[in-house]
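Heavy atoms only: backbone and side chains are in, while hydrogens, waters and symmetry mates are out. Order of the sequence lines fixes the chain letters, A, B, ..., with proteins taken first and strands second; residue numbering starts at 1 for each chain.
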Number of protein chains: 2
Amino acid sequence: MEMMELTRKGEYAIRGILYLARQPRGTVSLVGDIAQASEVPKTFLAKILREFVKVGLATSSRGTGGGFSLARPADCITLREVVEAVEGPILPNRCLLGTGTCERDVTCRVHPVWKKVRDQIVSVLDGVTIAELVREDDGDILK
Amino acid sequence: MEMMELTRKGEYAIRGILYLARQPRGTVSLVGDIAQASEVPKTFLAKILREFVKVGLATSSRGTGGGFSLARPADCITLREVVEAVEGPILPNRCLLGTGTCERDVTCRVHPVWKKVRDQIVSVLDGVTIAELVREDDGDILK
DNA sequence: ACCTTTAGGACCTTTTTTGTCTTCTTATAT
DNA sequence: ATATAAGAAGACAAAAAAGGTCCTAAAGGT
């Protein structure tokens, strides 16, 4: 019933990336460990982590000693990247897609409003890095 | 796949309210007429209109000559009210609800970010009235 | 060889979305 | 009174999306 809600997948993705960001640089983490610590179903998290690898947020290696780690420093990863990696682009209204996808009024007056909504969301999410979310000190991330 | 998307119900709601707002003050419109003009399934629209009545956005009357009309002038109805009437409150993250609903870290550092996202969305949607969306003149609604 | 770990995808269940349909109530017209 | 014309309410159903499991394959380490 709540609108514009983040899905569980998105929430799990954030938990997962935060876990990775909390590990010392160079550490490789196992899906099982991340899942347990983050309280996320293991097989579901595995898929999320693979999506991270696919979009270049994480790297993985197989076999003994294998696992996942961040592909970049946490201060070079924004919250938006993490969320969009698993949820797709932020598009509050279908009409914000390319031309032709909106069957009705192309010149509809509502479109620019949704565009503004989108821009605001993106701007907030782009303004927060994973490193900021992990930091213990309470520097106010809301600027 | 797209995130934060308005549902069809929300889109239909906007089409419906815009139709009502375009009618001369005092006009009563039939569900069937609104549905046809707005290209929305009639029975579905009927439910949406009833929700409008329930939250006080529209009034209705039955029998011959009955139908729906706006309960207030269109410049006293914001886009947010319309969307929330059918989609519920705008809450990008479950944790923005009251206390206790977030099982994990209450002091989670991600929460304030979602709160900011919510505030931004609400502020954009609150800043647009139905009257502005209906006006023909191209005064820039994006301020 | 054998074990460990991710990769990929088929598959399933539950919930939400998107409707339809029937019955009831209210109001008007004749 | 009776017929007719609406909306009100809610049961029901199909389709899509979300949430999650499981199995097999591939790659890397011992």
Side-chain angles (χ1 to χ4, degrees), chain A residues 1-16 20 27-36 38-71 83 85-88 91 93-94 103, chain B residues 1-16 20 27-36 38-71 83 86-88 91-94 103:
Chain A
M1 191 60 179
E2 284 83 30
M3 200 206 164
M4 302 261 172
E5 198 176 19
L6 192 70
T7 64
R8 249 167 238 282
K9 194 177 179 186
E11 202 175 318
Y12 293 167
I14 296 174
R15 292 194 203 168
L20 290 179
T27 308
V28 170
S29 308
L30 299 181
V31 184
D33 293 345
I34 310 173
Q36 190 165 17
S38 310
E39 299 180 75
V40 174
K42 182 180 164 183
T43 55
F44 198 16
L45 181 65
K47 294 212 288 194
I48 291 170
L49 289 169
R50 261 179 271 139
E51 299 191 64
F52 284 166
V53 171
K54 205 177 298 176
V55 301
L57 284 179
T59 55
S60 66
S61 54
R62 299 200 245 196
T64 310
F68 295 88
S69 45
L70 294 186
V83 168
V86 299
E87 304 248 39
L91 293 169
N93 189 277
R94 307 163 204 271
E103 335 73 41
Chain B
M1 190 59 179
E2 284 83 29
M3 199 207 165
M4 303 262 170
E5 199 176 18
L6 192 70
T7 65
R8 250 168 238 284
K9 195 177 179 187
E11 201 175 319
Y12 293 165
I14 296 173
R15 291 194 204 168
L20 291 180
T27 308
V28 170
S29 308
L30 299 181
V31 183
D33 292 346
I34 309 172
Q36 191 166 15
S38 310
E39 299 179 73
V40 174
K42 183 181 165 183
T43 56
F44 198 16
L45 181 64
K47 294 212 288 191
I48 291 169
L49 289 170
R50 261 179 274 140
E51 299 190 64
F52 284 166
V53 172
K54 205 175 302 177
V55 300
L57 285 178
T59 56
S60 66
S61 53
R62 302 200 244 196
T64 310
F68 295 87
S69 45
L70 294 186
V83 168
V86 299
E87 305 247 41
L91 294 169
N93 188 278
R94 310 166 202 265
E103 335 74 42

Indicate the atoms forming the closest heavy-atom contact of [X] with [Y], along with that distance.
{"X": "Phe68(A)", "Y": "Leu20(A)", "value": "O-CD2, 3.6 Å"}
{"X": "Lys42(A)", "Y": "Ala35(A)", "value": "CA-CB, 3.7 Å"}
{"X": "Gly65(A)", "Y": "Val28(A)", "value": "O-CG1, 3.8 Å"}

Mind calculating the distance between [atom1] ([X]) and [atom2] ([N]) to the nearest angstrom?
{"X": "Ile34(B)", "N": "dA6(D)", "atom1": "CD1", "atom2": "P", "result": "12 Å"}
{"X": "Lys9(A)", "N": "dT15(C)", "atom1": "NZ", "atom2": "C1'", "result": "16 Å"}
{"X": "Glu39(A)", "N": "dG20(D)", "atom1": "CD", "atom2": "C1'", "result": "17 Å"}
{"X": "Ile48(B)", "N": "dG10(D)", "atom1": "CD1", "atom2": "C1'", "result": "17 Å"}
{"X": "Glu5(B)", "N": "dT17(C)", "atom1": "CD", "atom2": "P", "result": "12 Å"}
{"X": "Glu51(A)", "N": "dG19(D)", "atom1": "CD", "atom2": "P", "result": "13 Å"}
{"X": "Asp33(B)", "N": "dG7(D)", "atom1": "CG", "atom2": "C1'", "result": "14 Å"}
{"X": "Phe52(B)", "N": "dA8(D)", "atom1": "CZ", "atom2": "P", "result": "13 Å"}

Checklist line | Per-nucleotide protein contact string for nucleotides 3-12 of chain C (B base, S sugar-phosphate only, - none; heavy atom under 4.0 Å) | finding: -BBBBB-B--
Note to self: dG19(C), OP1 or OP2 - any side-chain N/O from Tyr12(B) closer than 4.0 Å?
What the structure shows: yes
Next item on the list: Would you please confirm or rule out a distance under 4.0 Å between OP1 or OP2 of dA18(D) and any side-chain N or O of Arg8(A)?
Entry: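 Answer is no, no contact under 4.0 Å.
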Checklist line | Residues Arg15(B), Glu11(B): salt bridge by 4.0 Å N-O rule | finding: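 Counted as a salt bridge, because a side-chain N and a carboxylate O are separated by less than 4.0 Å.
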Note to self: Distance check, rounded to the nearest 0.5 Å: Leu57(B) atom CG versus Ser69(B) atom OG?
What the structure shows: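 Here the rounded value is 12.0 Å.
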Note to self: Quick check: on DNA chain C, is the nucleotide nearest Thr43(B) upstream (toward 5') of the one nearest Glu87(B), or the reverse? Name the residue that is more 5'.
What the structure shows: Glu87(B)
Note to self: Centroid separation under 6.0 Å, is that true for the rings of Tyr12(A) and Phe44(A)?
What the structure shows: yes
